[in-house]
Amino acid sequence: MRLLVTGGAGFIGSNYVRWVLAHTDDEVVVYDALTYAGNRENLRGLEGDSRLAFIQGDVCDRDGLADAMAGCDAVVHFAAESHVDRSIVGPDAFMRTNCDGTNVVCDTARQLKLDKVVHVSTDEVYGSIEEGSFDETDRLEPRSPYAASKAGSDLIALAYKETFGLPVAVTRSSNNFGPYQHPEKLIPLFTTNLLDGLAVPLYGDGMNVRDWCHVDDNCAAIDLVLHKGQQGEIYNIAGGNELANRELTDRLLALCGRDDSFIRHVSDRLGHDRRYSVDTAKIGALGWSPARELDEALAATVNWYRENRWWWEPLKKAAT
């Protein structure tokens, strides 16, 4: 199979490319605009693989996308603006890339008659839940411009299935972590700050709860949906590792050899959802379960950032 992977130089996208090349015989065409979160260095070491091609382009560019998609059998659509804080400061880019871009991806795939489209989304589209877990049929109640743009993109993709018969499936994953995650996100930000002897900014009371899934597990689930998922269906993906942000911070402090004096409490984020939790029975029925245990995966992730300063130091300098 020949895959077009939009956003394939981003965090989850690049890890998915690595996963596909390591576990399958599929060919991959990466299509990425290389904005701040898309980085050719995320694909370092893969340049000599004859199954990999790279094209720089914007998912809102119909002609460029059509050229890249030509000859592909399927699309795995990661390309998105993805940071809640950035969406609060500048929502326009999120609506353009996430909604307009998804429309162009789906429409182009429809015209080229691709066999499958997997649209990669987030559990944030459901909003916050005090008890229990959301399943795929629950109402969408996004509470940030980012989450709203992803909810809109989900509905766009699913509408193409209903209107045109586009063979699309949607995945909604919990918070991912692992190598090559931009240091604006919680785990790499806290880890790199602590490695440099800097304080970490903990929002509010630190009791907001997230479920953490190692990116390798998410990539395995996404590829399973590509090959075995049903058209028009949605699949929740989660690691089964719910932690309050304060508890996660404590684990990162321990892994980096720091103490509570490195915590800096800051004002809570606007519209900060209290708890995310999704039911994964549906993806489990396809044969998936997370393979990475949280403590092991967190330790491996911290060690990756410890050993790969060449990758994250330029990104943090560029943000200052």
Side-chain angles (χ1 to χ4, degrees), residues 1-21 23-35 37-40 42-43 46-47 49-82 93 95-121 149-150 152-171 219 222-233 235:
M1 182 181 288
R2 184 172 175 85
L3 308 179
L4 179 70
V5 179
T6 70
F11 163 48
I12 304 178
S14 65
N15 276 281
Y16 178 72
V17 170
R18 291 178 181 277
W19 195 94
V20 169
L21 294 177
H23 293 88
T24 78
D25 295 326
D26 292 339
E27 298 178 0
V28 177
V29 178
V30 170
Y31 187 78
D32 198 296
L34 296 181
T35 57
N39 187 348
R40 283 297 298 268
N42 291 358
L43 300 171
L46 301 178
E47 300 89 348
D49 195 315
S50 62
R51 293 181 294 147
L52 177 65
F54 178 87
I55 298 172
Q56 184 171 352
D58 187 335
V59 288
C60 294
D61 175 6
R62 282 183 174 270
D63 292 339
L65 184 66
D67 288 345
M69 198 180 294
C72 290
D73 303 297
V75 177
V76 185
H77 177 41
F78 293 93
E81 301 289 342
S82 65
M95 304 305 159
R96 177 185 180 275
T97 300
N98 298 356
C99 294
D100 292 349
T102 297
N103 176 64
V104 174
V105 168
C106 290
D107 197 38
T108 304
R110 174 186 69 85
Q111 294 181 43
L112 294 177
K113 296 181 170 54
L114 266 65
D115 296 332
K116 189 72 171 284
V117 176
V118 176
H119 172 64
V120 179
S121 190
S149 70
K150 290 300 291 184
S153 69
D154 291 5
L155 296 177
I156 289 167
L158 293 168
Y160 267 84
K161 169 63 173 67
E162 295 301 320
T163 304
F164 302 109
L166 184 72
V168 63
V170 174
T171 67
C219 290
I222 291 168
D223 203 59
L224 183 63
V225 170
L226 171 66
H227 292 282
K228 294 186 178 180
Q230 297 299 306
Q231 298 178 16
E233 295 295 326
Y235 296 89

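Ser14 places a side-chain N or O within donor-acceptor distance of the main-chain N or O of Phe11, the cut-off being under 3.5 Å. For the pair Lys116 (side chain) and Gln231 (backbone), a donor-acceptor distance under 3.5 Å is absent. Side chain of Tyr235 to backbone of Gln230: a donor-acceptor contact under 3.5 angstrom is found.
Every residue two or more places apart in sequence or in another chain that forms a ring pair (Phe, Tyr, Trp, His ring centres under 6.0 Å) with His23 is listed here: Trp19. Residues meeting the side chain to side chain contact (heavy atoms under 4.5 Å, CB included) test with Leu158, sequence neighbours left out: Val170, Ile234. Applying the salt bridge (charged side-chain N to carboxylate O under 4.0 Å, His left out) criterion to Arg96, with sequence neighbours excluded, gives Asp58. Looking at residues two or more places apart in sequence or on another chain, you find a side chain to side chain contact (heavy atoms under 4.5 Å, CB included) between Asp73 and Met1, Arg2, Asp115. Residues satisfying the side chain to side chain donor-acceptor pair (under 3.5 Å) test with Tyr31, not counting sequence neighbours, are none. Ala109 pairs by the side chain to side chain contact (heavy atoms under 4.5 Å, CB included) definition with Met69, Leu114, Val117, Leu166, not counting sequence neighbours. With sequence neighbours left out, the side chain to side chain donor-acceptor pair (under 3.5 Å) criterion links Asp32 to no other residue. For Thr6, the side chain to side chain donor-acceptor pair (under 3.5 Å) partners two or more places apart in sequence, or in a different chain, are His77. With sequence neighbours excluded, the residues forming a side chain to side chain donor-acceptor pair (under 3.5 Å) with Asp107 are Arg62, Arg110, Gln111, listed by chain and number. Remark: Ala37 pairs with no residue by the side chain to side chain contact (heavy atoms under 4.5 Å, CB included) rule, at least two apart or across chains.
Applying the side-chain hydrogen bond (donor to acceptor under 3.5 Å, both in side chains) definition to pairs two or more places apart or across chains, those involving residues 154-170 are Asn103-Tyr160, His119-Asp154, Ser121-Asp154, Asp154-Arg172.
Side-chain contact between Val105 and Thr102: absent, with no pair of heavy atoms (C-beta onward) separated by less than 4.5 Å. Within the 4.5 Å cutoff, no side-chain heavy atoms of Val20 are placed close to those of Val76. Using a 4.5 Å heavy-atom cutoff, the side chains of Leu34 and Phe54 are in contact.
Residue Leu46 holds its CG atom at 6.0 Å from CG of Leu52, rounded to the nearest 0.5 Å.
The two residues Leu21 and Asp26 have their closest heavy-atom pair at CD2-O, 4.2 Å. When all heavy atoms of Ile55 and Ala68 are compared, the closest pair comes out as CD1-CB, 3.7 Å. Between Thr171 and Ile222, the shortest heavy-atom contact is OG1-CG1, 4.0 Å. Taking both residues in full, the closest heavy atoms of Gln56 and Ala33 are given as NE2-O, 3.5 Å, listed atom of the first, atom of the second, then distance. Scanning all heavy atoms of the two residues, the minimum distance from Ser149 to Cys99 falls at O-SG, 3.4 Å. Closest heavy-atom contact between Ala80 and Thr97: CA-CG2, 3.9 Å.
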Original post:
Could you walk me through whether Val75 and Leu4 pass the side-chain contact (heavy atoms from CB on, under 4.5 Å) check?
Top reply: CA-CA 5 Å; Val75 177; Leu4 179 70; 4.2 Å; yes
Original post:
Which is it for Tyr16 and Val118 under the side-chain contact (heavy atoms from CB on, under 4.5 Å) test, yes or no, and what are the steps along the way?
Top reply: CA-CA 13 Å; Tyr16 178 72; Val118 176; over 6 Å; no
